[in-house]
Novice: 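Sending over a structure as structure tokens; questions will come in a sec.
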Amino acid sequence: MRQMPTFVLRLIAPRPNFAQTLTDSEREIMSRHAAHWRPYLERGDMVAFGPILTDEDSYGLAVVETDDEHALREFAGQDPVVTTGTASFEFGRMAAGTVRER
């Protein structure tokens with residue numbers, strides 16, 4: 001069975017406690033951010049998506065399976081959190097490991 005490439009996107013927020021201290025404006029942008037990724041969720045390409053809270057920090061995490069890294073990067077660049085300057089993404093590609101079977 002062929003494994004599809006798996007990408008990890010970390011949403012770099014403007015401050016460590018971003019998820020806990022959203023302004024009304026940021027909350028609206030984050031709502032549009034979640035809606036923006038709906039196509040990946042609906043197709044089943046999104047393995048995991050959501051905020052991560054640690055003792056010192058908060059950040060967003062998305063794990064996506066796709067054969068088209070270029071399209072994923074373009075799509076991420078159109079995310080409202082990016083286009084509004086609210087946050088940015090750090091990309092990684094899993095070199096090995098196991099992701100759930102489809």
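Both backbone and side-chain heavy atoms feed into the values below; hydrogens, waters and symmetry mates do not.
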Novice: Just do the side-chain contact (heavy atoms from CB on, under 4.5 Å) check on Val8 and Met94 with the steps written out, would you?
Specialist: CA-CA 7 Å; Val8 177; Met94 289 184 67; 4.1 Å; yes
Novice: Please list, chain by chain and in numerical order, all residues satisfying side chain to side chain donor-acceptor pair (under 3.5 Å) with Thr66, sequence neighbours excluded.
Specialist: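 Residues passing side chain to side chain donor-acceptor pair (under 3.5 Å) with Thr66: none at all.
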Novice: Can you find a side-chain donor-acceptor pair between Thr86 and Thr84 that sits under 3.5 Å?
Specialist: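 Indeed, the side chains of Thr86 and Thr84 share at least one donor-acceptor pair under 3.5 Å.
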Novice: Who passes salt bridge (Lys or Arg N to Asp or Glu O under 4.0 Å) against Arg32, sequence neighbours left out?
Specialist: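 Salt bridge (Lys or Arg N to Asp or Glu O under 4.0 Å) list for Arg32, sorted by chain: Glu28.
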Novice: Carefully, step by step, assess Leu72 and Val64 under the rule side-chain contact (heavy atoms from CB on, under 4.5 Å).
Specialist: CA-CA 9 Å; Leu72 176 62; Val64 179; 4.1 Å; yes
Novice: My understanding is that only residues two or more places apart in sequence, or in another chain, count here; which of them pass side chain to side chain donor-acceptor pair (under 3.5 Å) with Arg15?
Specialist: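 So Arg15 forms a side chain to side chain donor-acceptor pair (under 3.5 Å) with Thr21, Glu26.
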Novice: Quick check for you: to the nearest 0.5 Å, what is the distance between Phe89 atom CZ and Ile12 atom CD1?
Specialist: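 It is 9.5 Å, given to the nearest 0.5 Å.
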Novice: Check whether any side-chain heavy atom of Phe49 sits under 4.5 Å from a side-chain heavy atom of Val63, and report yes or no.
Specialist: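 No - every pair of side-chain heavy atoms lies 4.5 Å or more apart.
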Novice: Would you please name every residue forming a side chain to side chain contact (heavy atoms under 4.5 Å, CB included) with Gln20, sequence neighbours left out?
Specialist: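 With neighbours one apart ignored, the set is Asn17, Leu53, Ser58.
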Novice: Sequence neighbours left out, what pairs pass ring pair (Phe, Tyr, Trp, His ring centres under 6.0 Å) with at least one residue falling in residues 8-30?
Specialist: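 Checked against ring pair (Phe, Tyr, Trp, His ring centres under 6.0 Å) - neighbours excluded - no pair reaches residues 8-30.
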Novice: Distance from Thr6 atom OG1 to Glu65 atom CD, nearest 0.5 Å?
Specialist: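 Interatomic distance, Thr6 OG1 to Glu65 CD, rounded to 0.5 Å: 4.5 Å.
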Novice: Write out all pairs satisfying salt bridge (charged side-chain N to carboxylate O under 4.0 Å, His left out) with one or both partners inside residues 73-82, taking only residues at least two apart or from two chains.
Specialist: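 Sorted result for residues 73-82: Glu69-Arg73.
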Novice: Does a side-chain heavy-atom distance below 4.5 Å link Leu11 with Met30?
Specialist: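 A side-chain contact exists here, since the closest heavy-atom pair is under 4.5 Å.
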Novice: Taking side chain to side chain donor-acceptor pair (under 3.5 Å) as the test, write out the residues that go with Thr83, two or more places apart.
Specialist: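 Applying side chain to side chain donor-acceptor pair (under 3.5 Å) to Thr83 gives none.
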Novice: Do you know the tightest heavy-atom contact between Arg27 and Leu22?
Specialist: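 So the minimum-distance heavy-atom pair works out to NH2-O, 3.3 Å.
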Novice: How close do Ala13 and Ala87 get, counting heavy atoms only, and between which atoms?
Specialist: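 Scanning both residues, the minimum pair turns out to be CA-CB, 4.3 Å.
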Novice: Quick one: are Tyr59 and Ile52 in side-chain contact, heavy atoms under 4.5 Å?
Specialist: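 Of all side-chain heavy-atom pairs linking Ile52 with Tyr59, at least one is under 4.5 Å.
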Novice: Sort and list the pairs that fulfil salt bridge (charged side-chain N to carboxylate O under 4.0 Å, His left out) and have at least one residue in residues 48-57, not counting sequence neighbours.
Specialist: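 Listed by first then second residue: Arg10-Asp57.
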Novice: Which residues satisfy the side chain to side chain donor-acceptor pair (under 3.5 Å) test with Asp68, sequence neighbours excluded?
Specialist: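 Asp68 satisfies side chain to side chain donor-acceptor pair (under 3.5 Å) with no other residue.
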Novice: Please name all residues satisfying ring-ring contact (aromatic ring centres under 6.0 Å, His included) with Tyr40, sequence neighbours left out, ordered by chain then number.
Specialist: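 Residues passing ring-ring contact (aromatic ring centres under 6.0 Å, His included) with Tyr40: Trp37, Phe75.
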Novice: What's the shortest heavy-atom distance between Ala76 and Leu9, and which atoms?
Specialist: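 It is CB-CD2, 4.1 Å.
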